[in-house]
Amino acid sequence: MVDLKQYDVWFVTGSQHLYGEETLRQVADDARRIAAALSASPGLAVKVVFRPVVKTPEEISAVCIAANADPACIGLVTWMHTFSPAKMWIAGLSALRKPFVHLHTQYNRDIPWADIDMDFMNLNQSAHGDREFGFIGTRMGKTRKVIVGHWQDPEVVAQLDTWARAAAAWQDWQGARFARFGDNMREVAVTEGDKVAAQIRMGYSVNGYGVGELVAHVGAVTDAAIDALVAEYGAEYAVSADLKPGGAQHAALRESARIELGMRGFLTEGGFKGFTTTFEDLYGLAQLPGVAVQRLMADGYGFGAEGDWKTAALVRAMKVMSAGLKGGTSFMEDYTYHLEPGAMKVLGAHMLEVCPSIADGAVGLEMHPLSIGGKADPARLVFNVPQGSGVNASIVQIADRFRMLVNPVDVVRPDAPLPKLPVARVVWVPKPNLKVGAAAWILAGGAHHTGFSMAIGAEHLIDFADIAGLECLLIDAATDLRTFKNELRWNELYYRLTER
Ligand code: MN
């Protein structure tokens, strides 16, 4: 469902006519080689497309306007091989609606100490040419990422890939549609918000659909389709005995499969990229969708429970950013704590809806009662998650702006097996530790729902927040509460002053 190779970033090199044709030819050759090398790099998820060197205000405006109009172009990589007087960039950058990254590199990695002459100096001017370009970006208040280093440095490629993934997720949000089955969980605050403001600022739309419309799709599913899906379950998961043909719950599993097929049909027909459900509005559905939601998430759909559309959109964006990377991405909730001094940790889970893309080892398909919702027992995938680095993120609405929180975590092994826990689960220690991490999260108003990923890191989310114009608060190893509280206060002032 997510293919990053459909996306291009345009490699735009700035110069001017001052240097003469021979130098400009060399500039173009060098830029073409860099773009081709980046594009061919296995470390970069998107294609890099060389664009002719821009030397005049007209050429700069033209490339920016063309980028706006090309749906495959997710942004620009800008680089000033030579000096490119930056007043030439004002009109173009004013018109540019795609994100850009400033690659502060140089064609030659090393200074040729023995041979360097003024020809070399005239050709390789990014050390000062890029500063002139940087000035105008800052003067115009343009948010962008600046990457410094030689273009063959794997660290530079990795930073560029991180940015490109964020830019792809941003492009994916533009015009994206999210379906909200039912409304909000009644009386819950953080999952509410201004969907009009979200569409204006973030480009995606959220619309509600009566559960009856979904029920109609579920009712139209054929027995043959259910047979095929139940067989697929059997091939992919460790299906518990009571769910197998002849088992006491086999008919109920077929109902779960029916719900999955109905949901999938509804979402496919409507061209949706994500959805929400709420257990308080399931009228006409026999079960709360469990395995259905889990498998749809695994296919790339964003999801938020209890009507949480902001988290559904965030999970979708994190799915796009993580495409092709090792590790998965899921909807998540801080569920319960282990508060042993010195070993404090969080058990993350949800009633059902955790994505099997984060699973470690065998995934069980089981059916158990749900203590809330008053519906029949739902089928769900049950699994553990590998140890490693992860990240939790949340988007909430504070006054009239959207705030992203980002908190890297260490995913750890549970202290003991959890034989009676009938849901997928993740155990983690937030950075810098649970006491400071949770206090900072709560002070910042972070939601109980998150997007959780072991495929991407904080830098992806920070780049994404920059592109999206979101306030971004990082809670990491360097966080201390006194500074963090001040950051919250200063941000209040900043966002009021700038009205962003
Ligand atoms: Mn929840």
Side-chain angles (χ1 to χ4, degrees), residues 178-193 195 206 208 211 214 259 263 274-282 285 287-298 301-319 328-337 345-358 368-375 377-383 385 390-397 403-405 407 409 418 421-428 430 438 441-442 444-453:
F178 291 86
R180 207 172 186 224
F181 295 118
D183 193 75
N184 205 52
M185 180 178 168
R186 287 186 272 282
E187 304 286 5
V188 174
V190 75
T191 48
E192 296 278 17
K195 298 193 277 292
V206 180
V211 179
L214 176 58
I259 292 171
M263 282 192 119
F275 62 103
T276 71
T277 59
T278 171
F279 65 88
E280 284 182 333
D281 190 352
L282 297 172
L285 282 182
Q287 309 166 0
L288 173 65
V291 64
V293 171
Q294 293 178 290
R295 286 168 49 85
L296 285 162
M297 253 194 286
Y301 285 95
F303 173 75
E306 291 105 44
D308 190 347
W309 52 272
K310 293 188 294 300
T311 302
L314 174 61
V315 169
R316 167 66 185 188
M318 292 170 77
K319 291 268 181 195
T329 296
S330 179
F331 172 73
M332 188 56 65
E333 181 170 283
D334 292 76
Y335 217 105
T336 199
Y337 282 146
K345 48 187 86 90
V346 182
L347 190 152
H350 205 257
M351 287 190 294
L352 305 170
E353 309 93 334
V354 177
C355 178
S357 66
I358 61 172
H368 303 277
L370 199 63
S371 50
I372 47 179
K375 290 283 173 179
D377 299 354
R380 80 288 306 270
L381 301 171
V382 180
F383 50 85
V385 168
V391 67
N392 272 313
S394 165
I395 295 178
V396 294
Q397 191 169 6
R403 164 181 286 172
M404 180 187 278
L405 277 89
N407 184 204
V409 302
L418 302 133
L421 187 67
V423 289
R425 75 300 298 253
V426 195
V427 180
W428 68 74
W441 188 276
I442 287 167
H448 55 282
H449 288 163
T450 59
F452 167 83
S453 182

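In listed order, ligands and their atoms are each counted from 1.
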Less than 4.5 Å apart, side chain to side chain, heavy atoms only: is that true for Met263 and Leu214? yes

Would you say the side chain of Met351 lies within less than 4.5 Å of the side chain of Arg380, judging by non-hydrogen atoms? no

Please list, in chain and residue-number order, the protein N/O/S atoms closer than 2.8 Å to the Mn ion (ligand 1). Glu306 OE1, Glu333 OE1, His350 NE2, His449 NE2

Going by the angle between their ring planes, with limits at 30° and 60°, are Trp428 and Phe452 parallel, tilted or perpendicular? parallel

Residues pairing under salt bridge (charged side-chain N to carboxylate O under 4.0 Å, His left out) where one sits in residues 183-193, two or more places apart or in two chains, turn out to be Arg180-Asp183, Arg186-Glu280

Taking ring-ring contact (aromatic ring centres under 6.0 Å, His included) as the criterion, tell me which of Phe275, Phe178, Phe181 meets it with Phe303. Phe275

If you round to the nearest 0.5 Å, how far is CZ of Arg403 from CD1 of Ile395? 12.5 Å

